[in-house]
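Worksheet: the structure to be examined is printed underneath.
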2 protein chains.
Amino acid sequence: MNLKQLSLTLGLSQTTVSRALNGYPEVSEETRRRVIDAAKRHGYRPNPSARRLATGKAGMIGYVMPTGAAVDIDPHFVEFLSGLGDYARGHELDLVLSPADAADEETTYRRVVANKQVDALYISAPRSVDKRIALVHQLGIPFIVHGRSEGLDFDYPFIDIDNEGAFHDATRLLLQLGHRRVGLINGDETQTFAIFRERGVSRALSASGLTLDPRDIRSVVMTEENGYRAARSLLEAADAPTAIVCSSLHMSLGVVRAVRDLNLSIPGDVSLISHDDVFPWLKPENFPVPLSTTRSSIRAAGARVAERLAARISGLEDGARGEVWPVDLVVRGSIAGARP
Amino acid sequence: MNLKQLSLTLGLSQTTVSRALNGYPEVSEETRRRVIDAAKRHGYRPNPSARRLATGKAGMIGYVMPTGAAVDIDPHFVEFLSGLGDYARGHELDLVLSPADAADEETTYRRVVANKQVDALYISAPRSVDKRIALVHQLGIPFIVHGRSEGLDFDYPFIDIDNEGAFHDATRLLLQLGHRRVGLINGDETQTFAIFRERGVSRALSASGLTLDPRDIRSVVMTEENGYRAARSLLEAADAPTAIVCSSLHMSLGVVRAVRDLNLSIPGDVSLISHDDVFPWLKPENFPVPLSTTRSSIRAAGARVAERLAARISGLEDGARGEVWPVDLVVRGSIAGARP
DNA sequence: ACGGCAACTCAAAGCGCTTTGGCTAATTTC
DNA sequence: GAAATTAGCCAAAGCGCTTTGAGTTGCCGT
């Protein structure tokens, strides 16, 4: 059943039927009712391809997904996706994942935009002076960044969590507990979230007259194995930190293992605070020693990104508003006062 | 630059240009060369919306993604996606994720197919007599199932790993080591992969004149926490199993924690073999005691699904061929002979 | 020299929708 | 009561591609 047939059965023109269905004012309420009713009865649904061709609107949001043999998609992504899906489902919004060569995402961005495959894009895991943001900004397609970039000479819409605040507060708490040396096991240092977190730790230390020694920082891809290695190398140093803040739960698994391998204990020898993105499959409260965390649901962020993307598409939102969400600091058994 | 403009600059009709570009035979090689050359020079790319409207082909593959507040996307999904993306990237194939109410996926499937949003679908995590497979089969869109269903009265194309064989072999090895009682910590029992795995364990036990006691089985959503609970309840029983086979690495984390909490040891008191889907962020060799595993890369499966989907779209593949991949059995330190 | 046959090329008709620019009849305005 | 609005509807022109059906050529055999 297409528009032509429907309008034929109604004895109306395609124009009128189309307008009635799309809520245009120049059609009488009675006619509109008839049309909507008939459409429902016949199960009419406009063909999206045709609509796209006519309007240029795709009814989909896009994500350019870096891939490659050496590229791993972060498991955080599924949780983000859950949130995005939660919102999108209620709005018949689909998500298009366009796989891109991680070394050349620009081509894919250009293709996606030129083809008008999607009405809006979201960008994740931004770096400093992120080229994708500049590109997408210039291409003029609606977008939202999940995270923040720095050093761009224009504003852009984003949602991010207060990474600096979170790690500042975590570090401050450790200092209040008497720790003087805090190690940071961070994610990939080119990512802004990692930069902000480091800044937070650094600021807290400075406030206590201390400094964050580069030797106490590890920036690595966030896997269990890397967490282990980082923790070992930190803790085996001559004057090792007595406390560690760690950027992910997966890495914290490795930290816990390293502490154990070194015959140390948490929190007796080492206090540990981890960031927790809230995964269903791995919870900080179920660690051998329940983990203190800075907590923020990445799933909620996904839903919010979808919501704002939808708003931008329909013109309800514009401008470059940035949202920064506060982060919970949840205290559990993995921290204790520093040994005198 | 569209077809019309391009054909104008070439002094040819749109027909000829279109045919030349799409490799039709009724155009002279010289003309074809000229056309292709001009297209490249002008950066001409056919508008996919228009092409879709004309051909009905979307150039995308689809996945109906169950969502909802109570629904968690499995982290396995990102690895599968990595594989899918790896293949799709080289073929300019995009993936459309259509979020669906987990309680009513049918509506979404129908919409996606009726709208011709995608050329093919893939279905994951099938159950027995899976309705989605029956539906998609009936709707007549190309598809591939990742996994297998049972009890359907028609054949369908799939790719799956040999879950039964894997768990059979793992169990047999444990029996050869002298274990008489093997516990199974499985995934959701409605999923066919879990059914097959149970069958594998059961068959191996039977071959040794033993039976798989229902008390030794746990079927749960595969999280660390559930793994912990399952292991505790298994090991706290009066005559507890001396060996456990476990369906996921995340659950195995919980198993390891439970064993430790009970003051037992691996492999001294309990031997453990886990299935490993090969995640970058968590590796069995890095467990406190390196884990023996049944191993199969879910990422490779993703790439293969994409490849076969592409083949089906272009008509290179048809029929209902099923592929069953063998699974490696990798022995590491987590298993030992049973105590006499 | 003419019909037949390849080998090429083209104009035009879709695909199913939105949107522009009327048109008619009913209502309002002066 | 004539002129000006306005409400409601419509025919037709796109959107940019593919594909059908119909020519043109040029060359061959007879």
Side-chain angles (χ1 to χ4, degrees), chain A residues 1-36 38-39 42-60 92 111-119 313-315, chain B residues 1-36 38-39 42-60 92 111-119 313-315:
Chain A
M1 167 71 51
N2 57 22
L3 186 60
K4 192 170 180 180
Q5 294 170 34
L6 183 64
S7 57
L8 243 47
T9 64
L10 278 163
L12 288 168
S13 75
Q14 296 189 36
T15 310
T16 305
V17 176
S18 172
R19 298 212 133 129
L21 257 22
N22 292 317
Y24 281 68
E26 55 269 79
V27 63
S28 79
E29 272 316 312
E30 193 213 317
T31 306
R32 189 191 305 280
R33 213 169 301 281
R34 260 181 66 215
V35 170
I36 289 177
H42 294 81
Y44 168 76
R45 298 177 68 47
N47 175 322
S49 305
R51 167 174 274 172
R52 268 174 72 166
L53 183 56
T55 62
K57 293 275 163 201
M60 310 210 240
E92 287 205 3
R111 167 173 69 82
V112 165
V113 173
N115 287 351
K116 305 202 168 158
Q117 293 193 29
V118 299
D119 299 329
I313 291 173
S314 54
Chain B
M1 166 69 56
N2 58 23
L3 226 207
K4 191 170 182 178
Q5 295 171 36
L6 183 63
S7 57
L8 242 47
T9 62
L10 277 163
L12 287 169
S13 74
Q14 297 189 36
T15 310
T16 304
V17 176
S18 171
R19 299 213 132 125
L21 256 23
N22 292 316
Y24 281 68
E26 56 268 78
V27 63
S28 79
E29 272 316 310
E30 193 215 315
T31 306
R32 189 189 307 281
R33 214 168 302 281
R34 260 183 65 218
V35 171
I36 288 177
H42 293 81
Y44 167 74
R45 298 177 70 42
N47 175 322
S49 304
R51 170 174 272 173
R52 269 175 72 166
L53 183 57
T55 63
K57 293 277 163 200
M60 311 210 239
E92 288 206 2
R111 166 173 71 83
V112 166
V113 172
N115 286 353
K116 304 205 167 154
Q117 293 195 30
V118 299
D119 298 331
I313 290 172
S314 55

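Proteins get letters first, then strands, A, B, ... in listed order; numbering begins at 1 in each. Below, each value reflects all heavy atoms present in this structure, side chains not excepted, and no hydrogens, waters or symmetry copies.
Among residues two or more places apart in sequence or in another chain, the side-chain contact (heavy atoms from CB on, under 4.5 Å) test is passed with B:R45 by A:R111, B:E92. For A:R51, there are no salt bridge (Lys or Arg N to Asp or Glu O under 4.0 Å) partners at least two apart in sequence or on another chain. With sequence neighbours left out, the side-chain contact (heavy atoms from CB on, under 4.5 Å) criterion links B:T31 to B:L12, B:T16, B:V27, B:S28, B:V35. In terms of the side chain to side chain donor-acceptor pair (under 3.5 Å) criterion, B:T15 has no residue partners (sequence neighbours excluded). When the side chain to side chain donor-acceptor pair (under 3.5 Å) test is applied to A:E30, no partner is found at least two apart in sequence or on another chain. Partners of B:R19 according to the salt bridge (Lys or Arg N to Asp or Glu O under 4.0 Å) rule, which considers only residues two or more places apart in sequence or in another chain, do not exist here. Contacts of B:A54 classified as side-chain contact (heavy atoms from CB on, under 4.5 Å), with partners at least two apart in sequence or in another chain: none. By the side-chain contact (heavy atoms from CB on, under 4.5 Å) test, B:I36 is found to be paired with B:L21, B:R32, residues two or more places apart in sequence or in another chain being considered.
Rounded to a whole Å, the CG atom of A:L3 is 16 Å from the P atom of D:dA12. As rounded to whole Å, 9 Å separates atom C1' of D:dC9 from atom CZ of A:R19. The CD atom of B:E26 sits 15 Å away from the C1' atom of D:dG23 (whole-angstrom rounding).
Between A:L3 and A:Q14, the shortest heavy-atom contact is CD2-OE1, 3.8 Å. Across B:G56 and B:D119, no two heavy atoms sit closer than the pair O-OD1, 4.2 Å. Listed here is the closest heavy atom pair of A:K57 and A:R52: O-CG, 2.8 Å.
Nucleotides of DNA chain C lying under 4.0 Å from heavy atoms of chain A occupy a range whose first and last members, 5' to 3', are C:dG16 to C:dG21.
Of all the residues in residues 5-18 of chain A, A:Q14, A:T15, A:S18 reach under 4.0 Å from DNA chain C with at least one non-hydrogen atom. Within residues 43-58 of chain A, the residues that place at least one heavy atom under 4.0 Å from DNA chain D are, in residue-number order, A:L53, A:A54.
For the atom pair B:T9 OG1 and B:H42 NE2, the distance stands at 4.5 Å (nearest 0.5 Å). Atom NZ of B:K116 is separated from atom CG of B:L53 by 10.0 Å, given to the nearest 0.5 angstrom.
Contact annotation: A:T31 does not reach the phosphate of D:dG8 (side-chain N/O to OP1 or OP2, under 4.0 Å).
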With both pairing distances under 3.5 angstrom for Watson-Crick or G-U wobble, and | for a partner in another strand, the correct string for DNA chain C is ||||||||||||||||||||||||||||||
